[in-house]
Amino acid sequence: MAQPTAEIQQRAEKLRREVQEASYAYYVLDNPIMADEVYDRLYRELQDLEIQYPQLITPDSPTQRVGEKPASQFNSVKHNIPLYSLENAFNIEEFTRWQERWQRVYSADKFEYVCELKIDGSALALTYENGILIRGATRGDGITGEEITQNVKTIRSIPLRLNLDNPPPRIEVRGEAFLGLATFEKINEERAKKGEQLFANPRNAAAGTLRQLDSRIVAERKLDFFAYTLQIPDTDDEAVAARQLECLEKLEEMGFRVNPNRKLCQSLGEVAEYYDEWNTGRLTLPYMTDGVVVKINSVALQKRLGFTQKFPRWAVALKYAAEEAPTLVENISVNVGRTGALTPLAELKPVQLAGTTVSRATLHNIDYVQSLDIRVGDTVIVHKAGEIIPEVVRVLKELRPEKTKPFEMPNHCPVCGEPVFREGGEAVTRCVNASCGAILRGALVHWASRDALDINGLGEKIVAQFVDKKVVTSVADLYYLSVDDIARMERMGKKSAQKLIDGITASKKQPWARVLYGLGIRHVGSVNAKTLTEKFKNVDQLAGAKISEIEGVYGIGFEIAQAVFDWFRVEGNQQLIERLKGAGLQLANQEPTGVKEGKPAKLALSGKTFVITGTLPSLKRDEAKARIENAGGKVTGSVSAKTDYVVVGEDAGSKLQKAEELGISQLDEAQLLQLLED
Ligand code: IVH
């Protein structure tokens with residue numbers, strides 16, 4: 001083997017240092033000091049020297065981050081110091097109880113907490129001997145983990161050599177390996193392209209990546225790491241660092257990436273503030289967190305408190321309510337809405353999500369079901385954010401039991417048994433039987449709703465009885481009911497029957513615009529109804545109008561005009577109008593138009609601000625805008641902290657990016673339509 005000259009040895013040494021410094025500046029400090037091309041050139045020069053003179057290779061050389069050959073398996077290793085997990089608290093009350101508990105063990109007069117973000121990744125235990133990384137291991141069960149040193153070395157924010165002049169013989173560092181959200185999405189995109197199973201979340205992706213046998217794949221996946229504990233065996237912990245905050249600073253000095261969003265808190269109130277602040281703040285971070293970790297700052301006090309069987313008494317995980325959770329699909333049912341649309345619904349084993357129990361999730365339509373390939377018996381990930389309707393985001397196919405069958409949409413309406421139709425190009429399957437119970441039930445509930453005829457006491461339960469017992473077969477029948485008819489229904493006395501009759505009678509005074517909205521014509525929301533009734537002063541004018549005349553009204557598009565025109569061509573609908581006229585409903589504007597309309601209608605999306613970005617799959621932008629506005633929402637052109645939802649289509653650009661930065665809820669077209677329908 002050729003021997004390198006002293007000059008070559010020095011050159012290799014210098015290259016190692018420079019490459020290492022540039023990598024530290026880039027990956028740990030997030031502050032590059034060298035152009036990529038220069039870095040590549042220096043790296044290659046070092047690599048060439050090491051190929052020529054293998055004796056120059058040191059274990060901390062930057063070239064040693066990626067191994068050559070895949071491992072055949074991982075060895076288990078016993079941790080020198082066990083890795084404890086943390087007790088959970090899910091709100092400040094539980095945190096207060098945790099505080100009371102540790103204070104019963106030792107009541108300290110004065111104490112401080114350090115709050116850190118709880119990174120949602122996979123814990124790693126790193127061992128350094130004489131300042132050189134010699135071992136990286138997974139947490140495993142806390143006592144024994146798997147040795148994954150070669151994979152750990154690929155993580156650029158983990159130093160291969162500590163920045164210490166006189167390193168102690170052994171140092172143990174713990175922290176969280178994780179995948180940034182952008183990297184996670186890229187990995188899943190590539191897996192989708194290759195038809196591979198997607199990772200359910202960044203945590204699973206990080207854990208799966210760490211256990212990859214081929215470190216070259218691990219290197220490509222770009223894992224990251226935040227360090228949070230430092231231990232030096234045979235050294236008093238207090239001598240290492242008297243406080244947790246100092247421990248974090250020491251880790252930083254040694255060359256680790258430490259999360260900067262930490263806070264020293266003197267009181268429970270300050271902890272609560274930090275917890276609340278990061279509940280929204282975390283949405284702007286480029287990585288996932290699932291809570292905050294609160295630790296007693298004084299290491300002396302930590303030692304006094306010690307550990308229970310499972311947890312340290314001096315630290316607690318103060319977690320945020322989960323927004324995503326796995327659960328089981330117990331059944332897939334089909335709901336028929338008031339427009340006759342058949343919506344498949346996943347009936348789920350109840351699961352706690354973002355503070356509520358979720359037991360159903362919409363599956364939108366058959367295309368959506370087929371793209372997920374969701375089946376009864378599947379384990380799925382359900383997602384719920386804020387006010388958004390829960391949805392199934394992923395199916396964990398690896399957990400699918402045998403003999404499951406793909407879901408098929410029924411050929412007949414599950415309510416009335418009549419055949420259902422799916423018009424070419426439409427995603428929705430519909431029952432078109434006007435006397436279908438589901439359609440009638442929906443029509444009656446809509447008729448009675450606050451923005452329509454606003455009939456007090458006409459709720460879903462009594463409507464269901466009216467329809468099932470065939471007491472009511474159209475909205476007009478309501479006006480011909482007697483107290484006795486209603487009193488015959490279950491849980492209905494004479495008194496409540498009379499009250500309902502009073503409500504129905506009062507509704508005859510509601511203005512023409514509300515009646516038109518109440519008819520439930522497709523695309524005619526309360527705003528469109530108002531617009532139409534301003535132009536068409538009575539029902540006969542509207543019923544006799546040509547499509548072009550309806551479309552000629554400012555704010556009314558072709559689709560709406562067509563729907564209105566078609567509705568009045570149906571004989572049953574014409575009869576309905578006659579019967580409503582007969583019952584004395586307002587089917588014309590009162591002259592002069594100064595009749596009091598009662599309180600202004602509060603619409604479903606009132607007060608909500610939307611921004612639309614990108615191309616939506618079926619709705620034109622104007623149409624989406626009109627529909628949102630019809631439901632009371634506002635559509636603006638730019639994303640700000642005041643935006644409630646961003647509707648995202650294909651090729652969405654900077655607005656989406658801004659929404660992500662601000663943590664604003666995103667909707668796709670299907671979710672928007674669902675929100676509008678609900
Ligand atoms: S301290 C004895 N600090 O959360 C102290 N853990 O649910 C042990 N985690 O297993 C951990 N961020 O994997 C600590 N800033 C942080 C953390 C953190 C994430 C993880 C860690 C631990 C789990 C406990």
Side-chain angles (χ1 to χ4, degrees), residues 79-90 94-95 98 102 113-126 136-146 148 152 155 157-158 172-180 201-207 209-211 223-231 237 240-241 243-252 256-265 271 274-275 278 281-282 285-299 301-322:
H79 297 298
N80 298 321
I81 308 165
L83 271 85
Y84 282 85
S85 72
L86 295 172
E87 188 174 345
N88 289 330
F90 283 93
E94 289 185 16
F95 176 79
W98 169 80
W102 74 253
Y113 290 122
V114 175
C115 289
E116 297 169 25
L117 295 182
K118 188 170 182 310
I119 313 298
D120 200 11
S122 205
L124 283 186
L126 311 176
T138 61
R139 178 175 182 275
D141 60 7
I143 307 289
T144 314
E146 279 177 317
I148 51 160
V152 166
I155 305 176
S157 42
I158 292 181
E172 298 276 343
V173 171
R174 271 90 197 263
E176 203 79 353
F178 65 97
L179 277 168
N201 52 45
R203 184 186 350 110
N204 287 5
T209 302
L210 284 171
R211 300 191 66 262
L223 282 160
D224 210 331
F225 180 79
F226 281 127
Y228 48 65
T229 52
L230 166 64
Q231 285 158 315
D237 288 336
V240 177
R243 292 177 186 79
Q244 169 64 8
L245 212 54
E246 283 163 24
C247 167
L248 295 176
E249 281 157 13
K250 282 221 163 119
L251 285 164
E252 253 168 1
F256 288 96
R257 191 168 178 213
V258 176
N259 195 290
N261 307 308
R262 50 199 186 243
K263 187 180 153 196
L264 186 65
C265 293
V271 170
Y274 179 89
Y275 177 61
W278 282 103
R282 69 201 181 107
L285 294 172
Y287 46 83
M288 287 267 271
T289 60
D290 59 341
V292 306
V293 180
V294 189
K295 300 173 185 172
I296 288 177
N297 196 22
S298 154
V299 173
L301 184 49
Q302 287 184 5
K303 271 182 19 195
R304 234 187 221 134
L305 291 170
F307 295 80
T308 66
Q309 282 273 320
K310 278 163 51 191
F311 310 118
R313 286 201 186 86
W314 44 266
V316 71
L318 186 46
K319 295 189 58 167
Y320 295 118

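Just follow the structure's listing: the first ligand is 1, and inside any ligand the first atom is 1. The basis for the numbers below is simple: all heavy atoms, side chains too, and nothing from hydrogens, waters or symmetry mates. Numbers for residues simply follow the sequence, beginning at 1.
- Annotation: atom 5 (C) of ligand 1 to nearest protein heavy atom, Leu86 CD2, 3.9 Å.
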request  = Evaluate the criterion side-chain hydrogen bond (donor to acceptor under 3.5 Å, both in side chains) for residue pair Glu116 and Gln244; output intermediate values, then yes/no.
outcome  = CA-CA 10 Å; Glu116 297 169 25; Gln244 169 64 8; 2.8 Å; yes
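- Only one option out of Tyr274, Tyr113, Phe90, Trp102 pairs with Phe95 in a ring pair (Phe, Tyr, Trp, His ring centres under 6.0 Å); it is Tyr113.
- Closest to atom 15 (N) of ligand 1 among all protein heavy atoms lies Glu116 OE1, 2.9 Å.
- In terms of protein heavy atoms, atom 3 (N) of ligand 1 is closest to Lys295 NZ, 3.0 Å.
- Protein heavy atom at the shortest distance from atom 12 (N) of ligand 1 is Ile119 N, 3.1 Å.
- Near Pro312, with a cut-off below 4.0 Å to any heavy atom, the atoms of ligand 1 are 2 (C).
- Using a 4.0 Å cut-off between charged nitrogen and carboxylate oxygen, Arg257 and Asp224 count as a salt-bridge pair.
- Heavy atoms of Leu83 stay at 4.0 angstrom or farther from ligand 1.
- For atom 8 (C) of ligand 1, the nearest protein heavy atom (residue, atom name, distance) is Tyr84 O, 3.8 Å.
- With Asp290 as reference, Lys319 is the one residue of Arg282, Arg203, Lys319 to meet the salt bridge (charged side-chain N to carboxylate O under 4.0 Å, His left out) rule.
- Regarding atom 21 (C) of ligand 1, its nearest protein heavy-atom neighbour is Tyr228 OH, 3.0 Å.
- Polar contact check, Glu176 against ligand 1: a nitrogen or oxygen pair lies under 3.5 Å apart.
- In this structure, CD1 in Ile81 is found 4.0 Å from CD in Gln231, a value given to the nearest 0.5 Å.
- When all heavy atoms of Cys265 and Cys115 are compared, the closest pair comes out as SG-SG, 3.8 Å.
- In terms of protein heavy-atom proximity, atom 4 (O) of ligand 1 is closest to Lys118 NZ, 3.1 Å.
- Under the ring-ring contact (aromatic ring centres under 6.0 Å, His included) criterion, Phe226 pairs with Phe178, Tyr287, not counting sequence neighbours.
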